[in-house]
Chemist: 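There's a structure below that I have some questions on.
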There are 2 protein chains.
Amino acid sequence: MNSILSALAEPNRLKIVELLRDGPLTVGEIADRLGLHQPQASKHLRVLSEAGLVEMQPVANRRIYRLRPQPLLELNRWLASFSRVWEERFDRLDDYLLELQKSDRKPDDKP
Amino acid sequence: MNSILSALAEPNRLKIVELLRDGPLTVGEIADRLGLHQPQASKHLRVLSEAGLVEMQPVANRRIYRLRPQPLLELNRWLASFSRVWEERFDRLDDYLLELQKSDRKPDDKP
DNA sequence: CTCGAATATACCTTGACAGGAATATTCCAA
DNA sequence: TTGGAATATTCCTGTCAAGGTATATTCGAG
């Protein structure tokens, strides 16, 4: 989960992933479209690859990169665990304030 | 989108967000549960706050932090734009290989 | 009004990482 | 078989961010 997020946290890598959303691409094409030098494109692709976000298939001289679904699914599942948060039936602030009061009271205090 | 991802990319901050999934918490409690020193907890919360991931409500001496739904929704929308990828009706590798061949051919080649 | 608890901020140091440039590697075509 | 295209790797350098420590700030209790 963490390697996925830090891979995506780098702006150029995020753009690479968004490029690949529309289909596989060659290293050179990625570098061109993003205005990167080829070595940096390769390096970013390596990071994405180690995070499992992309996979590569060699074709003669070139390497074709494409997205892998699995880490995206994983991220999706993680996000889903927060659905209560954005469905808003879940604030708990009031409850928490009561808890705070309670723990502040001295043990022999009457509610 | 990018500040959200880089906020979440840091392991301790990810843990903070996961802690807050179950309800609001005080700075001190967060530091305790994660084994962080208080200043680092505050600093991480600041980053999360600037990314819009959490909001704070002061109660006397303490600051209560809780999650904000919006950036999670944003992340969710972004992820959804990749649904084609993991629904797998979308590989396009074969198409792309054909494209590569085509562009390799000299202009006057017959298919 | 003083003290201690809770939190934020400032400063320093160190490590990781991104970009640049040069070079190695692999492959095809002529 | 040689050359050039496509890609990966290496080395260097500068920057930035995280942790540690000390300190400032704010608040309520007594």
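Throughout, protein chains are lettered first and strands after them, A, B, ... in sequence-line order, and every chain is numbered starting at 1.
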Chemist: Quick check: any donor-acceptor pair below 3.5 Å linking the side-chain of B:Gln38 to the base of C:dA8?
Modeler: yes

Chemist: Quick one: is B:Asn12 getting a side-chain N or O under 4.0 Å of the D:dG19 phosphate, OP1 or OP2?
Modeler: yes

Chemist: Under 3.5 Å, is there a donor-acceptor pair between the side chain of B:Arg13 and the main chain of B:Ala7?
Modeler: yes

Chemist: Donor-acceptor check, side chain of A:Arg68 to backbone of A:Gly52, threshold 3.5 angstrom: yes or no?
Modeler: yes

Chemist: Considering only C:dA8, C:dG4, D:dT21, which nucleotide approaches the side chain of B:His37 most closely?
Modeler: D:dT21

Chemist: Using whole Å, what does the distance between atom C1' of nucleotide C:dC27 and atom CG of A:Asn61 come to?
Modeler: 5 Å

Chemist: Please state how far atom CD in B:Glu50 lies from atom P in D:dC16, giving the value in whole angstrom units.
Modeler: 15 Å

Chemist: Between the side chains of B:Trp86 and A:Gln70, does any donor sit under 3.5 Å from an acceptor?
Modeler: no

Chemist: Report yes if at least one side-chain N or O of A:Arg62 is closer than 4.0 Å to OP1 or OP2 of D:dA5; otherwise report no.
Modeler: no

Chemist: Does D:dA8 have OP1 or OP2 under 4.0 Å away from a side-chain N or O of A:Tyr65?
Modeler: yes

Chemist: Using a 4.0 Å heavy-atom cut-off, does A:Pro39 contact any base of the nucleic acid, only the sugar-phosphate backbone, or nothing at all?
Modeler: base

Chemist: Take the protein atom CG of B:Asn2 and the nucleotide atom P of C:dA18, then report the distance between them rounded to whole Å.
Modeler: 12 Å

Chemist: Whole angstroms only, please: what is the CD-C1' distance between A:Glu10 and D:dT15?
Modeler: 13 Å

Chemist: Between A:Arg46 and D:dA8, is there a side-chain N or O to OP1/OP2 distance below 4.0 Å?
Modeler: no

Chemist: Taking CD1 from B:Ile16 and C1' from D:dG19, how many angstroms apart are they, rounded to a whole number?
Modeler: 14 Å

Chemist: About how many Å separate CD of A:Glu10 and CG of B:Leu5, when rounded to the nearest 0.5 Å?
Modeler: 11.5 Å

Chemist: Can you measure A:Asp32 atom CG to D:dA5 atom C1' for me and round it to whole angstrom units?
Modeler: 13 Å

Chemist: Please determine whether a side-chain nitrogen or oxygen atom of A:Arg13 lies at a distance below 4.0 Å from atom OP1 or OP2 of C:dA18.
Modeler: yes

Chemist: Between D:dA17 and B:His44, is there an OP1 or OP2 to side-chain N/O distance shorter than 4.0 Å?
Modeler: no

Chemist: Rounded to whole Å, how long is the line connecting atom CG of A:Leu45 with atom P of C:dA18?
Modeler: 13 Å

Chemist: Write down the distance between CD (B:Gln40) and C1' (C:dT14), rounded to a whole number of angstrom.
Modeler: 14 Å

Chemist: Select from B:Glu29 and A:Ala60 the residue whose nearest nucleotide in DNA chain C is closer to the 5' end of that strand.
Modeler: B:Glu29

Chemist: Return whichever of B:Val47 or A:Lys43 has its heavy-atom-nearest nucleotide of DNA chain D closer to the 5' end.
Modeler: A:Lys43

Chemist: Between B:Thr26 and B:Arg63, do the side chains contain an N or O donor and an N or O acceptor separated by less than 3.5 Å?
Modeler: no

